[in-house]
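As structure tokens, the structure follows; a few thoughts come after it.
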There are 2 protein chains.
Amino acid sequence: MSTRNANVCAMRRKSLANPISIKDIARMADVSHSTVSRALSNSPMISAQTTERIHRIAEQSQYRASEVARSLVTRHTRTVGIVVTTIADPFAAGVVDGIEDAATEFGFSVFLANSNADPEREIRVVRSFEERRVDGIIVTSSRAGAIYVRMIGQLRIPIVLLNNQHPSEYVQSVMIDNVEASARATSHLIELGHQNIAYLGDRYGEQSDTERFSGYRHALQAAGLCFRPEFIVLGDGKPEGGMKAMAQLLALAERPTAVFCYNDMSALGALRQVRVAGLQVPGDISLTGFDDLYISQYMQPALTTLRQPMRQMGRMAMETLIQLLKGSASAHSIKVAAELVLRESTAPPKRRK
Amino acid sequence: MSTRNANVCAMRRKSLANPISIKDIARMADVSHSTVSRALSNSPMISAQTTERIHRIAEQSQYRASEVARSLVTRHTRTVGIVVTTIADPFAAGVVDGIEDAATEFGFSVFLANSNADPEREIRVVRSFEERRVDGIIVTSSRAGAIYVRMIGQLRIPIVLLNNQHPSEYVQSVMIDNVEASARATSHLIELGHQNIAYLGDRYGEQSDTERFSGYRHALQAAGLCFRPEFIVLGDGKPEGGMKAMAQLLALAERPTAVFCYNDMSALGALRQVRVAGLQVPGDISLTGFDDLYISQYMQPALTTLRQPMRQMGRMAMETLIQLLKGSASAHSIKVAAELVLRESTAPPKRRK
DNA sequence: CTGAAAGCGCTTACAG
DNA sequence: CTGAAAGCGCTTACAG
């Protein structure tokens, strides 16, 4: 680098690194920096006149108060840390959208971090949030085990878990009511006249899978329908796995007439596989999903599914956190009900027995 | 609240607000806090012995260095602010995923904020980022006008724009090459034998729409095909608008045999509308999209589209920012090529003229 | 109503 | 190799 370039760089760096401070504007206004600080926060201690004058000067000189300096003395940062598996997952994105909305409303900024489903990375992320001195943490759909939850319980930072594995009793959480919802969707299928209903689950042993499966079984049992092990088939929560699992179902001597899918992504794959096999939904097979992703209403046929109110859930998590920060006691665990959204992918079976 | 509760709250607050500091561990180790600071950053000035001892003590006492205090003295925060329209948009989510990945790699944390396409809110967001003293800002797909871009150009914080309206020459940017890509997709349709190709655009006057339309026209012109105004129809970038726009096309006396859609979401709606009309894709009409969202490969039929490498683009934006921070000059504007992904939604027209 | 002083938790010259 | 001192940009008792 030439000397001239080096100089330019140095100048540039300097200008970048030295925003104007409270002292600068104190000098301009010919008052102490305490007065500036008070005026800028509209303290009643300062005369209306000086307050206004200082505001004007601050405005003109494009002054931006340093939140980092302020945080050091106030001992809070007005930030939240959010950890998601990956923000590319539409469910996570919906939740974060809701959190961000509420956070902004309360004057908080949000740190976002992906765990990539890697427990070690998740721990590093939480650690970095501690160092950033976030006021609170929200973790979404973490699969990190019970050990980790205990660790997190010992955290000195308030935390709220959203749709997490093993929320434990030590932390606040907001969870979708999986078993109730799944039972409802299964009952819907039964009421339509289906007797051979399959469950297309998730092979990764998610707690949500266990719960949804449980709701499915309850509904079957309540209706006096027998449980058929060959109707239980496992995907991976994504279209790819849904296709493979559906292929297994289609290969059966006696095919189910309806399939309850673990989530919408699985249902998308299942639907595709049915088509590949030259069959129709819901003509030959009815399909239900879980989540109600934005695209599900545009699937062909539009998907009947259980709607998780992602944005509201995110909002609730943020609001719970705010309560925690204020020290007011609030519900330990919020269960939210999914809404059954009836669309085109479910219909009565072709021939009743 | 009872007195007892109040006490509990006070204790709790205290424990939350007072993490252990460098002074505490200095006391434990019986050294000065300067020594602790140096040992913790593995300064060669400190003996291996003391360094190790201090590390052990810090570990045991769960010490977490305060990034906020550190930031105050080092004058950088190792944070980036990202502004997206809404993180619920799958394109934004993909980009943020890439940014986050690269950021973590470089030891940066990311602040995320939604602008909700509201210029005022966008300005507030940027302002809050300034106060947070972020080291840099990345703005994705902002529609905020040229005035705003100028304002942002005067910002003392390095900024990089991704797929933005009017990037201007004052700021770094990474942009998809819309016109080249669109021309390629249109040419693909032409090579298949289509002569009546419609353009289903976006009514909000996005620059990307203008550019994609331009690529479409270039390709038509290069092939000597005449441009038909009635084949230009406007959606809203979402399935809903795609449906309506496609309905207009289907109502035409002479229907197009292929439709180039502004983006995948529009194509999803268009596809649905074709189905509603009892027609087939690609049998009766070929369809192409833009983006290659995750779901596009699972559409029925799988969508032929132009792939924007969202994660890589996010990564590039972050890397550009890092370069900027290091003061090294880098390309002003990076143009990235979209990849034409051939799938099932395009085929030769039924009857050639 | 205003100012001087102390302090938040670090880093980093400056001494020794 | 280690420590005392100054300072980053704020807020907030304490005086006047």
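This is a predicted model, so every value here is computed, not measured. Letters go in sequence order (proteins before strands), and every chain restarts at 1. Just so it is clear, the values below take in all heavy atoms, side chains as well, and ignore hydrogens, waters and symmetry mates.
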Exercise for the section: Any chance you could lay out the side-chain contact (heavy atoms from CB on, under 4.5 Å) test for T140(B) and V83(B), step after step, and finish with the verdict? Expected result: CA-CA 6 Å; T140(B) 301; V83(B) 7; over 6 Å; no

Fill in the blank from the handout: Contacts of R38(A) and A48(B) projected onto DNA chain D by closest heavy atom; the upstream (5') one is A48(B)

Practice task
Quick one: label V31(B) by what it contacts on the DNA or RNA (base, sugar-phosphate, nothing), any heavy atom closer than 4.0 Å.
Solution key: sugar-phosphate

Exercise for the section: Can you figure out which of dT2(D), dT11(D), dG9(C) approaches the side chain of T50(B) most closely? Expected result: dT2(D)

Problem - For atom CD1 of I54(A) and atom C1' of dT2(C), their distance in whole Å - result: 10 Å

Handout entry: Donor + acceptor pair across side chains of S37(A), S34(A) (<3.5 Å)
Key = no

Practice task
Using atom CZ of R27(A) as one end and atom C1' of dG3(C) as the other, report the distance to the nearest whole Å.
Solution key: 16 Å

Exercise for the section: Kindly say if K23(B) contacts the phosphate of dC8(C), meaning a side-chain N or O under 4.0 Å from OP1 or OP2. Expected result: yes

Practice task
Indicate, yes or no, whether a donor-acceptor pair under 3.5 Å links the base of dG9(D) to the side chain of R75(B).
Solution key: no

Exercise for the section: Output yes when R70(B) and E131(A) qualify as a salt bridge under the 4.0 Å nitrogen-oxygen rule, no when they do not. Expected result: no

Completion exercise
Taking dG7(D), dA4(C), dG3(D) as options, the one with an atom nearest any side-chain atom of V73(B) is dG7(D)

Exercise for the section: Return no unless some side-chain N or O of Y63(B) is found under 4.0 Å from OP1 or OP2 of dG9(C). Expected result: no

Practice task
Mind calculating the distance between CD1 (I25(A)) and C1' (dT2(C)) to the nearest angstrom?
Solution key: 15 Å

Problem - Contact under 4.0 Å: S47(B) side-chain N or O vs dT2(D) OP1/OP2 - result: yes

Exercise for the section: Please determine, by modelled atom types, if S109(B) and R132(A) share a side-chain donor-acceptor pair under 3.5 angstrom. Expected result: yes

Fill in the blank from the handout: R64(B) CZ to dC10(C) C1', in whole Å, measures 17 Å

Handout entry: Side-chain-base donor-acceptor pair under 3.5 Å for R133(A) and dG9(C)
Key = no

Exercise for the section: Starting at atom CZ of R78(B), determine the distance to atom P of dC10(C), rounded to an integer number of angstrom. Expected result: 18 Å

Practice task
Side chain of S37(B) only, please: which of dC1(D), dG9(D), dT12(C) is the nearest?
Solution key: dT12(C)

Handout entry: Protein-nucleotide distance (L40(B), atom CG; dT11(C), atom P), rounded to Å
Key = 8 Å

Problem - Atom pair distance, as rounded to whole Å: CZ in R132(A) and P in dC10(C) - result: 14 Å

Problem - Carboxylate-amine/guanidinium proximity below 4.0 Å for R156(A) and E130(A) - result: no

Problem - dA13(D) - base-pair partner by Watson-Crick or wobble geometry, distances under 3.5 Å - result: none

Problem - Polar side-chain contact H33(A)-dT11(D) base: donor and acceptor under 3.5 Å - result: yes

Fill in the blank from the handout: Closest to the side chain of S34(B), out of dT11(D), dG3(D), dC10(C), is dG3(D)

Handout entry: d(CE, M45(B); C1', dT2(D)) in whole Å
Key = 8 Å

Handout entry: E100(A)/R121(B) ion pair, N-O < 4.0 Å
Key = yes

Practice task
Would you please confirm or rule out a distance under 4.0 Å between OP1 or OP2 of dG3(C) and any side-chain N or O of S32(A)?
Solution key: yes

Exercise for the section: Would you please confirm or rule out a distance under 4.0 Å between OP1 or OP2 of dG9(C) and any side-chain N or O of S21(B)? Expected result: no

Handout entry: 5' priority, DNA chain D, between L72(A) and T35(B) [closest heavy atom]
Key = T35(B)

